Amino acid sequence: MRRTLLFTVGIAAIALAGCAREASEAESAAEAADSEAVEADNILLAEWTGPYGGVPAFDRMDLAALKPALETAMAMHLAEIDAIANNDEPASFANTIEALEASGDAIGRVFVYWGIWSSNLSTPAFREIQQEMAPKLADYRSKITQNAALFARIKAVREGGEYETLRPDQKRLVDLVYDGFARNGATLEGEAKERYAAINKRLAELHTTFANNVLHDEESYVTYITEDQLGGLPESFVKAAAAAAAERGREGEYAITNTRSSMDPFLTYSDERDLREKVWRTYYNRGDNGDEYDNNAVIAEILQLRDERVALLGYDNYAQWRLEDRMAKTPERALALMEAVWPAAVARVREEVAEMQALADAEGAGITIQPWDYRYYMEKVRQAKYDLDSDEVKQYLQLDRLREAMFFVAGELFNFDFAPAPEGSVPVFHPDVKVWEVTDRTSGEHVGLWYLDPFARPGKRSGAWATSYRSHETFRGKKTVLASNNSNFIKGAPGEPVLVSWDDAETFFHEFGHALHSLSSNVAYPTLNGGVRDYTEFQSQLLERWLATDEVIDRFLVHYETGEPMPDELVAKIKAAATFNQGFATTEYLASALVDMRFHMVDPTGIDPDAFERETLAELGMPDELVMRHRSPHFGHIFSGEGYSAGYYGYMWADVLTSDAAEAFAEAPGGFYDKEVASRLVEHLFAPRNAVDPAEAYRAFRGRDARIEALLRDRGFPVPGE
Ligand SMILES: [Zn+2]
């Protein structure tokens with residue numbers, strides 16, 4: 001405790017000088033004077049050293065250092081904040097906004113290691129620390145957002161005469177910082193401020209309760225089946241189900257767990273219709289079983305409190321508050337997009353159901369298609385129509401060649417060169433992780449590093465993701481980017497190529513799109529690297545489109561044994577199959593997104609979530625043969641936290657941009673490799689990150705707003721008037 005205090009005082013005094021670098025040097029001096037001090041040696045706090053402007057010391061990470069590092073770094077940052085807030089000089093852009101941008105370097109470094117432990121190298125010991133530190137971190141964050149003196153200075157800059165003299169990106173930075181505080185209650189005083197804090201505290205509890213109730217129902221309801229009930233199920237699924245049963249002490253049986261990864265393949269392949277219905281009902285009733293884990297009352301209270309909280313800030317409803325800093329800007333615009341696509345999606349569902357019904361009738365099944373039949377008959381239609389053998393496709397998708405293809409695309413579009421960083425020159429946290437140096441092809445200038453952690457291992461979270469260990473900035477000297485991609489490919493036998501599915505190859509390109517978005521940043525300030533939720537998936541989604549370009553197919557999608565490029569017929573089948581099942585996928589998604597938006601636009605006084613969901617869907621004309629992708633009682637995106645509340649529409653919003661931007665390439669003389677379109681893409685849609693309003697940036701790229709018709713065409717839906 002004493003150490004932290006001493007530390008705080010020391011840093012506060014130094015931070016007045018307004019330079020984080022000096023602060024850390026002085027910190028070392030102060031610490032050296034204190035014989036008890038260990039933080040100065042804490043590897044997680046230490047400045048990054050070595051090549052490329054310094055790199056994280058991933059080879060020397062020590063979990064024992066994490067807690068003291070976090071505690072010290074939080075104290076350091078709060079001391080920096082206090083120094084900014086209590087500055088005697090009048091507030092200026094330099095001593096307030098730039099000073100804020102320059103603060104928190106130490107905690108930023110600790111969070112890079114935290115991220116590796118939480119996503120790439122998790123252990124029970126780490127999770128214990130995570131649990132213990134979560135409330136302390138929440139406390140630290142609210143100490144910043146609720147610092148009244150700090151907000152007063154930010155407000156003074158926002159409203160002062162200097163503002164008009166700033167560069168456009170600096171103005172935007174001031175606006176973003178100001179809004180970040182104002183939108184989170186900083187403008188409130190007295191009773192309203194107290195009520196605001198009380199609401200947030202209660203909401204945090206309710207979000208956790210909601211998530212725990214869903215988790216309870218996922219873990220408690222397991223459907224056990226026996227050997228004679230395995231008809232239709234693929235071998236890999238049967239093996240996993242046997243292991244899952246054994247894990248639960250039911251050796252010799254097969255467990256269908258109550259999660260999407262178990263439910264979805266079971267409903268796709270199981271020939272047992274009664275069991276399909278049982279598994280379907282169990283899954284879609286999570287959080288809705290009328291017991292102590294039922295989430296309906298939790299939802300009602302969450303909606304009520306969210307509405308009350310934004311009313312304190314002067315908004316009509318929660319959605320209005322939520323969308324204000326999104327690209328869509330208003331709930332009405334997001335609704336207009338969804339409602340424009342909805343009829344086409346529903347019409348396609350009717351066609352899909354008719355096809356499935358015909359197939360079932362031809363089989364003599366004697367049934368009417370129900371929600372638990374959809375995936376099953378859809379799979380039969382898919383096999384009959386497209387005859388796409390996923391194993392055959394895989395033989396053309398070698399992980400190493402895909403990586404080379406991505407480098408090729410990055411070279412053509414971004415003028416980047418990728419070269420392996422010399423072995424051992426950059427520390428890594430696992431031997432599987434490889435690092436490439438990225439340079440500008442023309443100038444040879446160093447752009448950054450790209451880390452790739454490709455393979456699954458225990459303790460690594462599932463799926464694929466991108467993250468940055470360091471973002472681009474220039475306001476206190478240029479910092480180059482450290483970008484990373486992470487996947488869960490299964491390692492092949494030594495010397496054997498790693499073959500992946502088409503979906504996984506697309507995801508590989510997708511995550512690389514996020515990395516390119518980081519690497520191409522040209523912003524001056526860290527905050528301007530921030531993402532806008534309905535915009536930030538667009539860049540990555542767009543990059544997926546280059547996987548299916550002829551240049552990539554001919555040069556990189558070659559058979560792992562013969563070296564022959566993927567045959568035209570196979571490519572044609574893949575492309576034809578891309579619009580398959582879009583009725584189901586679009587409708588189940590949109591139903592969730594529409595219900596989410598409407599929940600957050602109505603007056604929630606006395607709301608009955610169950611009835612509200614039912615009535616909203618009836619009003620929309622939801623087909624009987626399918627349900628919302630996430631029914632309200634287990635819609636964690638919007639009720640386990642606020643990340644996607646009134647924001648689930650964002651996936652489709654970004655997808656409209658993706659489809660429309662892809663058409664800009666398709667229409668260009670040079671197609672997907674058109675130099676002129678590519679340079680506009682980088683200039684307007686990648687490099688500015690959030691330094692320019694996304695809607696303006698898109699207009700600068702395209703000469704107009706994105707059009708919904710492009711998305712309709714992409715999904716194979718009819719376009720009105722065409
Ligand atoms: Zn993404």
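Every number for a ligand or one of its atoms is a count from 1 in the order of the listing. What you see is a predicted model, and the numbers here were worked out from it, not measured in a lab.
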- Task: Mind checking ring-ring contact (aromatic ring centres under 6.0 Å, His included) for Tyr698 and listing every partner two or more places apart, or none if nothing turns up?
- Result: Phe701
- Note on the structure: Per residue Glu537, nearest N, O or S atom to the Zn ion (ligand 1) is named OE1
- Task: For residues 676-692, pull every pair meeting salt bridge (charged side-chain N to carboxylate O under 4.0 Å, His left out), keeping only residues two or more places apart or in separate chains.
- Result: Glu676-Arg680
- Message: Parallel, tilted or perpendicular: which one describes the rings of Phe635 and Tyr648, with boundaries at 30° and 60°?
- Response: perpendicular
- Query: Given NE2 of His510 on one side and NE2 of His514 on the other, what angle do they make at the Zn ion (ligand 1), to 10°?
  - Reply: 100°
- Note: Glu324 and Arg183 closest approach over all heavy atoms is OE1-NH1, 2.9 Å
- Query: Near the Zn ion (ligand 1), is there an N/O/S atom from Glu511 that is less than 2.8 Å away?
  - Reply: no
